[in-house]
Q: 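Once you've had a glance at the structure underneath, I'll fire off some questions.
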Amino acid sequence: MRVTLFDYGAGNLHSLSKALATEPGVEVHVEEDPLRAVDTDVLVLPGVGAFGLAAARLAPGRNTMRLALERGLPCLGICLGMQLLFDSSEEGAGKGLGFFAGHVQRLAARRVPHIGWNQVDEDSTLSGAKLETVYYAHSFVCRVADPSLVTAWTTHEEDRFPAAVRRGKVVGVQFHPEKSSTSGVAFARAFLREVRS
Amino acid sequence: MLTRRLIVCLDVKGGRVVKGVRFEGLRDVGDPVELAQRYEREGADEVTFLDISASAEERETLWDLVRRTAERLFIPLTVGGGVRTVEDVGRALRAGADKVSINSAAVARPELLTECAERFGAQCVVASIDARKEGERYRVYTHGGRKPTELDAVTWAQVCVARGAGEVLLTSIDQDGARSGYDLELTRRVADAVAVPVIASGGAGSAEHIRDGLTRGGADAALVAGILHDGLTTVGAIKSLLRSSGLPIRSTP
């Protein structure tokens, strides 16, 4: 199974590549061109950087990628990658993929960025892995138009925000599975197994 | 609820973890990749590499080491020591670091924090502050605690955050290595003054000291080095004391 990381010039992809490659039969590729990135079995939108810069890199392939997801291409969006699955963000200009209806907003909390390990509630994202305490490093969160697409929640101070969203084979997570130790890696692997079948 | 973090710090030189007193009498204590992985297994929430290399050649070794570590470590990795430019930060992140801590270079040119936050996001910019008590105030020192500045630690922490730092790593020079506990007053003053996570550093001699840093000091996280490397206590023992004190702590399966 080919898994492609869309590299929009952000940062560290090493841990994520290795975490995904721990699943047997998975071959991980890194692709900078958004049009070529969809020529794969599973697309991964990684999670470091600023929305505006990432949206600009995505722009030439935005429609193609959105169409590929609508047609059933499995996709895992992580942190900023999850936010790119939404319409827009107050962090920066440009359009996200709009696969999920909603807007990305700054966390409503005193302590921002939200950095550290936090608990996940009501997780029903995957059948093969249960989320408990996961690692976050972000200042913005997704406000989802249809709350029934939220499959897990986390609370920072008074702000309860989506830890995960899912529609079909497209999953977005606000935390970093590749930084959430054994259980985070197990989550990423369970995602790959679930969308393969 | 956000849990409190226990961060393990490893001093790295020439691609190896070393231990010494004030950079003298350095002794090799092991391979950074293996030690980092061991601490992850034991339940550490993050790992920090503090680079104490002197030469450019050793610098190259560091990036290779960060790369090899990031491929096998599945908890956050911070790199600190000798980071001077936006390019250095970009290089560390590309090599596989999740965060970079900046100390002397930020004092010399505070705009550096802003440039890094704009380019890479505030969540990866850690302002590292070394402070020493002088009368009623705390003075900021740079260059590994050797060079005094005119800055007040609490005010400087606020400036760093306004400039874009997403975390503050706060080290008490007076307490560092003394194993008599963190400087709780310093920690509390800074934690109350800024709205980003504060990491207490310098002085932990026991699990109780770490608990006090998080409760009385108000820190979000505690940085620990010597007492773990010397086997005086373990990550598991520290975490179980913190948990039994009622603090939210991540448990490891």
Side-chain angles (χ1 to χ4, degrees), chain A residues 7 9-22 47-54 79-80 91-92 106-107 109-121 130 132-140 154-157 159 176-188, chain B residues 1-7 37 40-41 43-46 66-79 89-100 117-126 161 164-167 191 194-199 220-221 248-253:
Chain A
D7 178 8
N12 177 16
L13 301 180
H14 297 281
S15 303
L16 181 56
S17 301
K18 290 292 170 179
L20 295 164
T22 55
V48 189
F51 188 92
L53 288 173
C79 196
L80 176 60
E91 187 191 11
R106 194 174 165 83
L107 263 166
R110 177 181 171 263
R111 299 218 148 191
V112 178
H114 173 226
I115 297 181
W117 298 78
N118 203 332
Q119 289 145 1
V120 174
D121 317 315
K130 183 92 183 131
E132 286 176 4
T133 303
V134 294
Y135 184 77
Y136 285 95
H138 64 121
S139 302
F140 293 84
T154 285
T155 305
H156 176 47
E157 296 177 12
D159 195 349
H176 287 269
E178 77 283 15
K179 293 290 159 189
S180 297
S181 200
T182 318
S183 62
V185 176
F187 178 87
Chain B
M1 189 194 268
L2 193 57
T3 62
R4 306 295 183 99
R5 286 168 284 155
L6 185 66
I7 304 175
Q37 283 184 293
E40 177 185 351
R41 280 196 302 276
D45 296 309
E46 290 185 37
V66 170
R67 204 169 293 118
R68 287 188 291 119
T69 307
E71 288 174 355
R72 289 161 68 187
L73 189 76
F74 297 114
I75 55 175
L77 174 65
T78 301
V79 175
V89 174
R91 202 133 184 238
L93 297 177
R94 273 194 306 282
D98 299 292
K99 305 186 235 183
V100 177
E118 280 173 0
R119 182 98 62 100
F120 310 111
Q123 81 292 331
C124 70
V125 182
V126 183
V161 172
E167 277 185 301
V194 298
V196 302
V198 172
I199 304 161
D220 289 84
I249 298 294
R250 176 178 72 104
S251 49
T252 327

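Here is the naming used below: chain letters follow the sequence lines, and residue numbers restart at 1 for every chain.
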Q: In terms of heavy-atom pairs under 4.5 Å with chain B, which of A/Thr22, A/Ile115, A/Thr155 leads?
A: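 Ranked by contacts with chain B, first place is A/Ile115.
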Q: So do A/His138 and A/Leu107 actually touch side chain to side chain, heavy atoms under 4.5 Å?
A: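 Yes, side chains in contact.
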Q: Around atom CD of A/Glu132, are there more than 12 heavy atoms from other residues, nucleotides or ligands closer than 6.0 Å?
A: no
Q: Looking only at heavy atoms and a cut-off of under 4.5 Å, which of B/Arg72, B/Lys99, B/Glu167 has the most pairs with chain A?
A: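 So the answer, after comparing B/Arg72, B/Lys99, B/Glu167, is B/Glu167.
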Q: Measure distances from B/Ile249 to the heavy atoms of chain A and classify the residue's part below 4.5 Å as side chain, backbone, both or neither.
A: neither
Q: Can you find a pair of side-chain heavy atoms, one from A/Tyr135 and one from B/Pro76, that are under 4.5 Å apart?
A: yes
Q: Is there a donor-acceptor pair closer than 3.5 Å between any side-chain N or O of A/His156 and the backbone N or O of A/Arg111?
A: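 A pair under 3.5 Å: yes.
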Q: Quick check on A/Val112 against chain B: is it the side chain, the backbone, both or neither that has a heavy atom closer than 4.5 Å?
A: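 Contact with chain B involves the backbone of A/Val112 alone.
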Q: Heavy-atom cut-off 4.5 Å, strictly under: side chain, backbone, both or neither for B/Val161 against chain A?
A: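 Contact with chain A: none, neither part.
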Q: For A/Thr133 and A/Gln119: C-alpha separation, side-chain torsions, deciding distance, then whether side-chain contact (heavy atoms from CB on, under 4.5 Å) applies.
A: CA-CA 4 Å; A/Thr133 303; A/Gln119 289 145 1; 3.7 Å; yes
Q: Under 3.5 Å, is there a donor-acceptor pair between the side chain of B/Arg250 and the main chain of B/Ala44?
A: yes
Q: Check whether A/Ser139 gets within reach of chain B through its side chain, its backbone, both or neither, counting any heavy atom under 4.5 Å.
A: neither
Q: Heavy-atom distance under 4.5 Å to chain A: side chain of B/Ala97, backbone, both or neither?
A: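 The backbone, not the side chain.
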Q: Considering residues at least two apart in sequence or located in another chain, which fulfil the side-chain hydrogen bond (donor to acceptor under 3.5 Å, both in side chains) criterion with A/Thr154?
A: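 Scan of A/Thr154 (side-chain hydrogen bond (donor to acceptor under 3.5 Å, both in side chains), adjacent residues dropped) gives A/Tyr136.
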Q: Taking side chain as everything from C-beta outward and backbone as N, CA, C, O, which of these in A/His176 sits under 4.5 Å from a heavy atom of chain B? Side chain, backbone, both or neither.
A: neither
Q: Between B/Gly96, B/Ala95, B/Gly121, which has the largest tally of heavy atom pairs under 4.5 Å with chain A?
A: B/Gly96
